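Following: one structure in structure tokens, then a few remarks.
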Amino acid sequence: MAAVTTKNKKTRKKILRSFLERFIHLSLSTLTDLDIIGQENFPLKGPVLVVANHFSFIDPLAVIRATPRPIEFVGGFNLPNAPAVVRWIPRLWGYYPVYRGSVSRGAIVSSQEILSNGGVLGIFPEAGSWAKILRPARPGAAVIALRTGAQIIPIGIDGATEVFPKLRQGKRAKLTIRVGKPFGPYRFARSEERDRK
């Protein structure tokens, strides 16, 4: 009975995500002057860790739009910068929550499981979207990549912070998503000291 329930949940999740993907594609194409560069760089199989800059609550939507494979996310439990009108999207999509100021072992274990099964995981290494400049990456993405042997795909998002200000002016913002070339996988001999570095 549990297997049927799990299968039903996966089917519902797949249908819901398919609807959300269409909504995201249509919204970004309609509300922005969208340009995706380098989408052909995305590996079509094997574990992939997507890392992207994060200045706007729209960034996860841009990553979904640029990613040709099903993607899971790790993200902050609280969404302080997202307007209430769009907070439902990450909740419906589903993500593995990270609780700021704690270790969030569940998110790390789930991330490793997704990648160990050949999936795609999205993470914003800056760990928040409140700054105006690119901040140093937190170590979580590197640790997950090393532990799973996943390739890393960098995605650069430019113009997301201008989407809503431009819409208020009756204009479309230029939104550019650049998909870089994959690098890795990296492997190393496990030791607690090396893990920290």
Side-chain angles (χ1 to χ4, degrees), residues 10 13-14 17-18 20-22 24-25 28 34-76 89-90 93-98 103-129 131 134-160 175-197:
K10 285 183 178 179
K13 183 178 180 180
K14 190 174 182 178
R17 284 192 176 177
S18 177
L20 285 171
E21 281 179 357
R22 286 189 197 116
I24 290 165
H25 284 226
L28 291 181
L34 179 64
D35 191 15
I36 302 174
I37 300 165
Q39 197 170 26
E40 69 279 0
N41 292 329
F42 208 100
L44 297 180
K45 60 182 182 175
V48 177
L49 181 63
V50 175
V51 294
N53 60 299
H54 197 19
F55 295 117
S56 167
F57 59 88
I58 294 174
D59 296 336
L61 308 183
V63 170
I64 290 168
R65 177 63 184 87
T67 303
R69 293 172 56 191
I71 186 170
E72 300 289 341
F73 284 97
V74 171
I89 296 173
W93 185 270
Y95 66 98
Y96 296 93
V98 174
V103 174
S104 299
R105 290 191 193 284
I108 292 170
V109 169
S110 297
S111 298
Q112 291 177 176
E113 187 175 299
I114 290 161
L115 294 169
S116 295
N117 289 322
V120 179
L121 179 74
I123 191 167
F124 298 94
E126 297 170 82
S129 63
L134 194 63
R135 296 177 317 281
R138 303 271 176 109
V143 169
I144 291 167
L146 285 168
R147 288 183 177 175
T148 61
Q151 285 191 27
I152 300 168
I153 284 280
I155 292 184
I157 305 162
D158 187 34
L175 178 62
T176 304
I177 306 168
R178 290 180 178 84
V179 180
K181 293 189 185 274
F183 58 96
Y186 296 105
R187 301 249 183 223
F188 71 108
R190 295 294 306 276
S191 82
E192 193 174 329
E193 184 180 345
R194 285 192 187 130
D195 271 2
R196 272 192 236 105
K197 287 181 184 176

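Worth knowing before you read on, the calculation uses all heavy atoms, side chains too, and leaves out hydrogens, waters and symmetry mates. Everything numeric in this text was worked out from a predicted model, so none of it was measured.
For the atom pair CD (Gln112) and CG (Leu146), the distance works out to 10.5 Å, reported to the nearest 0.5 Å. Atom CG of Leu49 and atom CD1 of Ile153 lie 10.0 Å apart (nearest 0.5 Å). For the atom pair Ile24 CD1 and Arg65 CZ, the distance stands at 10.0 Å (nearest 0.5 Å). Atom OG of Ser111 sits about 11.0 Å away from atom CZ of Arg147, to the nearest 0.5 Å.
Looking only at side-chain heavy atoms (C-beta outward), Leu121 and Val50 stay at 4.5 Å or farther from each other. Residues Arg17 and Ile64 have side chains not in contact (no heavy-atom distance under 4.5 Å, counting atoms from C-beta outward). Looking at Ser18 and Lys14, their side chains never come closer than 4.5 Å, going by heavy atoms from C-beta outward. The shortest distance between side-chain heavy atoms of Pro154 and Phe183 falls below 4.5 Å. Side-chain atoms of Val51 and Ile155, non-hydrogen and from C-beta on, never get closer than 4.5 Å to each other.
At least one donor-acceptor pair under 3.5 Å links the side chain of Arg69 to the backbone N or O of Pro43. A donor-acceptor pair under 3.5 Å is formed between the side chain of Thr148 and the backbone N or O of Ile144. Side chain of Asp35 to main chain of Thr176: no donor-acceptor pair is present (N/O by atom type, distance under 3.5 Å, no hydrogens or angles). Side-chain N or O atoms of Asp59 include one that pairs as donor or acceptor with a backbone N or O of Ser56 at under 3.5 Å. Judged by distance alone, the side chain of Arg178 and the main-chain N or O of Ile157 form no donor-acceptor pair under 3.5 Å. Gln151 places no side-chain N or O within 3.5 Å of a backbone atom of Val48 that could act as its donor or acceptor partner.
Taking the six-membered ring where the residue is Trp, Trp93 and Phe73 present perpendicular rings, their angle passing 60° and hence far from 30°.
The shortest heavy-atom contact between Gln39 and Ala66 is NE2-O, 3.1 Å. Of all heavy-atom pairs spanning Gly180 and Asn41, the tightest one is O-CB, 3.2 Å. Nearest heavy atoms, Leu175 versus Ala160: CD1-N, 3.6 Å. Nearest heavy-atom pair across Asn53 and Gly156 is OD1-CA, 3.3 Å. Among all heavy-atom pairs drawn from Pro70 and Val120, the shortest one is O-CB, 3.4 Å. The heavy-atom pair separating Phe124 from Ala52 by the smallest distance is CD2-O, 3.4 Å.
Residues Glu72 and Lys13 are paired through a salt bridge, judged by an N-O separation under 4.0 Å between the basic side chain and the carboxylate.
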- prompt: Run the side chain to side chain contact (heavy atoms under 4.5 Å, CB included) check on Ile177 and Ile37 step by step: do they pass?
  reply: CA-CA 6 Å; Ile177 306 168; Ile37 300 165; over 6 Å; no
